[in-house]
**Student:** 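Got a structure here, written out as structure tokens. Questions coming.
Numbering of residues begins at 1 and proceeds along the displayed sequence.
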Amino acid sequence: MPAFPPRLRTLRLPACMLLVLTLGGCLTAPGPTVAGDGRCSDASLQWAVGQPGDEANMRRLAKESGAGLVNPITPTTIVSRDIRQDRLRVYMDADNVITAVRCE
């Protein structure tokens, strides 16, 4: 093991402690909680079509759908074609008005 200058030897322990504390905080952070099993159901969400795509409506859609992920889609959003059972996509027009709500 190479010898460290005396000045750097005194910094090794505080630097290691800082690294451990920083990484430890990342590892213990809880993830998002999902009510139910996380499967999306869009059967009763058509009330949202024509409503503004604001935070209150997005929260209500997330709660009522049971989805683990709510994905707002605007005209400029690039969308993948993968299917996920836990995702609710909320399609909006350029004026931020909801045009469709689908589990995809």
Side-chain angles (χ1 to χ4, degrees):
M1 186 165 176
F4 288 99
R7 198 170 111 200
L8 290 179
R9 266 187 258 159
T10 59
L11 294 176
R12 277 186 7 199
L13 181 60
C16 288
M17 291 299 292
L18 180 62
L19 181 64
V20 167
L21 291 174
T22 303
L23 292 176
C26 294
L27 296 175
T28 61
T33 57
V34 177
D37 62 1
R39 289 185 182 264
C40 181
S41 172
D42 57 7
S44 64
L45 302 178
Q46 295 310 308
W47 60 265
V49 175
Q51 299 294 318
D54 58 10
E55 184 177 352
N57 283 334
M58 293 297 175
R59 288 184 185 272
R60 183 176 170 194
L61 285 167
K63 184 177 178 183
E64 291 181 10
S65 70
L69 174 65
V70 177
N71 191 212
I73 308 294
T74 63
T76 59
T77 304
I78 297 172
V79 180
S80 65
R81 295 197 177 262
D82 66 321
I83 302 295
R84 290 182 52 169
Q85 294 180 344
D86 66 337
R87 177 176 54 208
L88 176 70
R89 285 189 168 160
V90 181
Y91 292 88
M92 296 179 287
D93 63 12
D95 295 324
N96 205 35
V97 174
I98 298 172
T99 58
V101 180
R102 292 192 295 264
C103 292
E104 300 179 338

**Student:** With sequence neighbours left out, what residues match E104 under salt bridge (Lys or Arg N to Asp or Glu O under 4.0 Å)?
**Tutor:** R89, R102
**Student:** Measuring only between side-chain heavy atoms, which start at C-beta, is L45 closer than 4.5 Å to L88?
**Tutor:** yes
**Student:** Minimum heavy-atom separation for D42 to C103, with atom names?
**Tutor:** OD2-N, 3.1 Å
**Student:** Start with the C-alpha distance between L61 and I98, add both sets of side-chain angles, then the distance that settles side chain to side chain contact (heavy atoms under 4.5 Å, CB included), and finish with yes or no.
**Tutor:** CA-CA 11 Å; L61 285 167; I98 298 172; 4.1 Å; yes
**Student:** Write down the atom of M92, the atom of P72, and the distance for their closest heavy-atom approach.
**Tutor:** CE-CB, 3.6 Å
**Student:** Could you state the interatomic distance from CG (N71) to CE (M58), rounded to the nearest 0.5 Å?
**Tutor:** 9.5 Å
**Student:** Look at the side chain of S65 and the backbone N and O of C40, then say whether any donor-acceptor pair between them is shorter than 3.5 Å.
**Tutor:** no
**Student:** N96 side chain to P52 main-chain N or O, any donor-acceptor pair under 3.5 Å?
**Tutor:** no
**Student:** After noting the C-alpha distance and the side-chain angles of D82 and R87, does the key distance pass the side chain to side chain contact (heavy atoms under 4.5 Å, CB included) rule?
**Tutor:** CA-CA 10 Å; D82 66 321; R87 177 176 54 208; 3.4 Å; yes
**Student:** Tell me whether V49 shares a hydrophobic cluster with W47, the cluster being built from Ile, Leu, Val, Met, Phe, Trp, Tyr side chains joined at under 4.5 Å.
**Tutor:** no
**Student:** For D86, enumerate each residue passing the salt bridge (Lys or Arg N to Asp or Glu O under 4.0 Å) test, keeping only those at least two apart in sequence or located in another chain.
**Tutor:** R84
**Student:** Considering non-hydrogen atoms only, spot the tightest contact between V101 and A48 and give its length.
**Tutor:** CG2-CB, 4.0 Å
**Student:** Any chance CD of Q46 has more than 12 other-residue heavy atoms, nucleotides or ligands included, within less than 6.0 Å?
**Tutor:** yes
**Student:** Quick one: CD1 on I73 to CG on D93, what's the gap to the nearest 0.5 Å?
**Tutor:** 13.5 Å
